[in-house]
Amino acid sequence: GNTIYAGVEHAFTPDIAGKVNAGAQFYDFYNDSNADSQTTPYVQGSLTYAYRSTSSVQLGLTLMQSPIDTVDAQGTSFVLNAESLLVYAAWVHEIMPKLYGNLNGAFQQSKYNGGSVDGDSGFYYRVGVSLAYEFTKHLSANVGYNWDQSDTPSAVNQSYNRNRVYLGVTASY
């Protein structure tokens with residue numbers, strides 16, 4: 001697949017900024033002579049409110065075709081891709097100097113193209129919370145928790161519910 005888009009960024013006020021990328025995606029399924037080529041819209045946008053220099057809230061959405069590696073439960077029918085709508089939110093807040101909290105969430109609906117689930121939808125949900133401490137500009141530690149849930153049609157059989165806890169150190173240069 002190929003994507004072509006144009007974008008714009010704008011600062012509405014010193015505290016509020018937005019950006020939008022819009023265009024089209026082109027898919028040609030070379031290995032499947034029964035599949036038609038596709039042209040679909042592509043949109044990616046976000047709005048950020050920085051209520052302090054170190055704290056912000058961001059809302060965003062993405063509409064795009066997503067490649068997918070799914071076969072129906074019998075292994076006889078391939079899903080070509082999925083049209084996905086993702087909506088997300090993230091809140092980063094400086095709790096005290098060098099200590100940051102993050103709360104984020106996402107919802108995605110994917111409509112399958114091809115195979116026995118053609119036209120069916122799958123859903124994905126995520127909620128996460130984390131803390132990060134910056135020792136220096138280049139070294140930080142973080143701890144967090146994410147909850148994920150994926151609900152797919154029974155023919156795809158890729159539903160799950162997952163809890164993840166993580167602890168890490170980040171070095172950047």
Side-chain angles (χ1 to χ4, degrees), residues 1-12 16-50 56-92 102-130 132 142 144-166 168 170:
N2 295 299
T3 304
I4 185 167
Y5 64 90
V8 63
E9 294 184 29
H10 182 69
F12 298 102
I16 300 173
K19 67 179 181 177
V20 174
N21 295 327
Q25 289 184 296
F26 309 95
Y27 277 85
D28 195 359
F29 303 100
Y30 301 106
N31 294 328
D32 188 345
S33 59
N34 296 325
D36 294 329
S37 297
Q38 293 181 346
T39 301
T40 59
Y42 171 82
V43 179
Q44 183 179 39
S46 66
L47 188 62
T48 303
Y49 170 56
S56 64
V57 175
Q58 183 178 55
L59 302 173
L61 69 84
T62 302
L63 174 65
M64 66 183 284
Q65 290 289 330
S66 303
I68 200 159
D69 62 351
T70 302
V71 179
D72 68 13
Q74 292 78 30
T76 59
S77 179
F78 292 95
V79 178
L80 301 172
N81 60 7
E83 183 175 331
S84 298
L85 173 64
L86 170 69
V87 179
Y88 66 90
W91 176 33
V92 178
N102 180 322
L103 178 63
N104 63 76
F107 166 78
Q108 179 175 316
Q109 177 185 9
S110 296
K111 183 178 173 186
Y112 299 109
N113 174 32
S116 64
V117 294
D118 188 44
D120 290 348
S121 291
F123 300 92
Y124 172 77
Y125 312 89
R126 185 194 73 237
V127 176
V129 61
S130 65
N142 54 62
Y145 167 77
N146 284 351
W147 170 81
D148 304 92
Q149 181 170 327
S150 176
D151 295 325
T152 61
S154 59
V156 174
N157 196 24
Q158 291 183 346
S159 295
Y160 63 85
N161 186 330
R162 176 173 56 193
N163 294 284
R164 293 180 287 163
V165 176
Y166 59 90
T170 302

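- In this structure, Ser159 and Thr152 approach most closely via the heavy-atom pair OG-N, 2.9 Å.
- Here the closest non-hydrogen pair linking Leu47 and Gly18 is CD1-CA, 4.1 Å.
- Distance check: Thr48 OG1 to Ile16 CD1 gives 10.0 Å after rounding to the nearest 0.5 Å.
- Counting all heavy atoms, side chain and backbone alike, Phe26 lies closest to Ile4 at CE1-CG2, 3.4 Å.
- Between Tyr112 and Gly122, the shortest heavy-atom distance links the atoms CE1-N, 3.7 Å.
- Between the side chains of Asn163 and Tyr145, a donor-acceptor pair is found at a separation under 3.5 Å.
- Inter-residue side-chain proximity for Gln149 and Arg162 is flagged as unmet; no heavy-atom pair is nearer than 4.5 Å.
- Contact of the Tyr166 side chain with the Ser130 side chain is registered, since non-hydrogen atoms from C-beta on lie closer than 4.5 Å.
- Interatomic distance, CD of Gln109 versus CG of Leu63, reported as 10.5 Å (0.5 Å rounding).
- A donor-acceptor contact closer than 3.5 angstrom is absent between the side chains of Gln58 and Ser56.
- Looking only at atom types and distance, the side chain of Tyr124 has a donor-acceptor partner in the side chain of Asp148 under 3.5 Å away.
- Residues Val43 and Tyr5 form no side-chain contact, since every pair of their non-hydrogen atoms from C-beta on lies 4.5 Å or further apart.
- Here the closest heavy-atom approach between residue Pro153 and residue Asp120 is recorded as CG-CB, 3.8 Å.
- Residue Gln44 holds its CD atom at 9.0 Å from CG of Leu61, rounded to the nearest 0.5 Å.
- Residues Asn81 and Gln38 meet the side-chain proximity criterion, which asks for heavy atoms closer than 4.5 Å.
- Side chains of Arg126 and Asn104: a donor on one and an acceptor on the other come within 3.5 Å.
- The backbone N or O of Lys111 lies less than 3.5 Å from no partner atom in the side chain of Ser121, so there is not a single donor-acceptor pair.
- Surrounding CZ of Phe107 are more than 12 heavy atoms belonging to other residues, nucleotides or ligands, all under 6.0 Å away.
- Taking the side chain as every heavy atom from C-beta outward, Asp151 and Tyr125 approach each other to under 4.5 Å.
- Below 30°, between 30° and 60°, or above 60°: for Phe12 and His10 the angle between ring planes is above 60°, a perpendicular geometry.
- Checked by atom type, the side-chain pair Ser84/Ser66 shows a donor-acceptor distance below 3.5 Å.
- Considering all non-hydrogen atoms of both residues, Gly128 and Asn146 come closest at CA-OD1, 3.2 Å.
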For a side chain to side chain contact (heavy atoms under 4.5 Å, CB included) check, start with the C-alpha distance between Tyr27 and Thr39, then their side-chain angles and the critical distance, and finish with the verdict. CA-CA 6 Å; Tyr27 277 85; Thr39 301; over 6 Å; no

